[in-house]
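Encoded as structure tokens, the structure appears first; notes follow it.
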Amino acid sequence: MQPDTASDDDRGCIIDAAYSCLSEPHTGPIPVAAILHRAGVSTRAFYRHFESKDELFLALLRQESDALADRLDRVVDEAPGAAVEALKAWINEMFGLVYDPQVRMHLTVIDSDEVRAAKGYRETRERAHVDRERSLVELLRRGRDDGSFPLADPQHDAVAISALVSREMALRGTADGCELQRARGRVLSFALRALGAERDLNSSGGRSTRSSRR
């Protein structure tokens with residue numbers, strides 16, 4: 001039991017040290033030796049957990065991606081029955097990432113040129129996107145089935161909505177709270193229109209005008 005715990009601790013220390021080294025200003029690739037020095041572990045300990053520096057970088061991506069996918073799964077599971085509310089909760093959870101300094105740092109590191117150059121990064125990133133979007137696919141399917149999202153094509157719409165969220169977050173990652181709120185509102189508005197969701201007459205000028213002419 002104790003050796004396993006020590007081994008797990010070493011792995012965690014190496015991952016934390018990699019984030020720390022990669023997040024600091026530096027020139028050229030970060031050597032494994034620098035990460036191990038920061039972690040306070042031996043080369044032998046490193047190779048017990050990772051075959052290479054590339055494998056370490058992929059582990060950073062997988063760890064962060066798995067944590068986010070689990071959070072999004074939980075958000076959708078715990079959201080009220082209405083699909084619209086679940087969609088709002090999903091989008092809110094994604095935008096909430098920018099308010100957590102540690103998560104923001106982790107996301108910046110795994111999107112850095114050095115980490116992106118790791119062998120197998122592209123495939124791992126694609127899998128991460130699929131995992132992140134599985135809860136979105138599920139809630140869109142739920143909305144299509146109950147009539148909330150009559151135009152939904154769950155698999156394809158999940159990709160589009162997720163991509164728009166990522167783009168807005170990337171463009172406004174350092175924006176103030178009001179701008180982020182507006183960005184979040186734009187994403188939700190786009191998604192509801194694209195999915196054919198019923199909207200409040202007061203927030204739908206076009207529909208309200210047509211109704212008043214009848």
Side-chain angles (χ1 to χ4, degrees), residues 1-78 90-136 162 165-177 180:
M1 197 74 173
Q2 288 180 344
D4 288 345
T5 302
S7 181
D8 290 343
D9 287 346
D10 284 348
R11 190 177 194 280
C13 287
I14 294 167
I15 286 176
D16 289 344
Y19 273 123
S20 178
C21 290
L22 288 163
S23 66
E24 295 173 354
H26 59 281
T27 56
I30 293 286
V32 170
I35 296 172
L36 298 184
H37 179 73
R38 181 72 59 91
V41 301
S42 67
T43 302
R44 185 176 178 181
F46 176 84
Y47 286 107
R48 260 202 309 268
H49 299 284
F50 308 103
E51 294 181 1
S52 64
K53 185 168 70 169
D54 282 354
E55 182 58 35
L56 167 61
F57 288 172
L58 295 184
L60 303 184
L61 174 56
R62 283 193 293 266
Q63 177 176 283
E64 204 62 37
S65 300
D66 289 349
L68 175 57
D70 288 345
R71 285 169 63 177
L72 292 169
D73 286 345
R74 256 194 329 272
V75 162
V76 172
D77 288 343
E78 295 170 2
W90 194 96
I91 293 172
N92 287 343
E93 186 69 19
M94 285 293 293
F95 272 91
L97 298 175
V98 302
Y99 295 106
D100 186 323
Q102 184 180 58
V103 171
R104 193 165 63 239
M105 181 270 280
H106 284 186
L107 294 178
T108 299
V109 165
I110 63 177
D111 198 40
S112 65
D113 290 342
E114 190 168 354
V115 175
R116 290 170 70 91
K119 185 178 180 181
Y121 180 90
R122 182 177 178 180
E123 296 81 2
T124 304
R125 189 72 181 234
E126 286 301 316
R127 171 49 55 189
H129 285 166
V130 171
D131 289 345
R132 181 177 79 182
E133 291 155 7
R134 68 187 174 217
S135 52
L136 186 53
S162 179
V165 170
S166 295
R167 177 173 172 77
E168 288 286 349
M169 288 172 60
L171 289 173
R172 304 170 214 289
T174 57
D176 61 30
L180 284 170

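Everything numeric in this text was worked out from a predicted model, so none of it was measured.
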Val76: what forms a side-chain contact (heavy atoms from CB on, under 4.5 Å) with it, not counting sequence neighbours? Trp90, Ser135, Leu139, Arg142
Tell me every residue that passes side-chain contact (heavy atoms from CB on, under 4.5 Å) with Gln102, counting only those two or more places apart in sequence or in another chain.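 Only Asp100, His106 meet the side-chain contact (heavy atoms from CB on, under 4.5 Å) criterion with Gln102.
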Can you name the residues that form a salt bridge (Lys or Arg N to Asp or Glu O under 4.0 Å) with [X], not counting sequence neighbours?
| X | value |
| --- | --- |
| Glu133 | none |
| Arg71 | Glu93 |
| Asp70 | Arg134 |

With Phe95 via ring-ring contact (aromatic ring centres under 6.0 Å, His included) - residues at least two apart: none
Side-chain donor-acceptor contacts of residues 23-35 below 3.5 Å, not counting sequence neighbours, with atom names and distances?
residue: Ser23; atom: OG; partner: Tyr19; partner atom: O; Å: 3.0
residue: Ser23; atom: OG; partner: Ser20; partner atom: O; Å: 3.0
residue: Glu24; atom: OE1; partner: Arg38; partner atom: NH2; Å: 3.1
residue: Glu24; atom: OE2; partner: Arg38; partner atom: NH1; Å: 3.1
residue: His26; atom: ND1; partner: Glu24; partner atom: O; Å: 2.7
residue: His26; atom: NE2; partner: Glu114; partner atom: OE1; Å: 3.2

What residues form a side-chain hydrogen bond (donor to acceptor under 3.5 Å, both in side chains) with [X], not counting sequence neighbours?
| X | result |
| --- | --- |
| Tyr121 | Arg125 |
| Thr124 | none |
| Gln63 | none |
| Ser42 | none |

Determine which pairs satisfy salt bridge (Lys or Arg N to Asp or Glu O under 4.0 Å) with at least one residue from residues 12-23, sequence neighbours left out, and list them in order. none
Taking atom CE of Met94 and atom CG of Leu68, what is their separation to the nearest 0.5 Å?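 Going from the CE atom of Met94 to the CG atom of Leu68 covers 5.5 Å.
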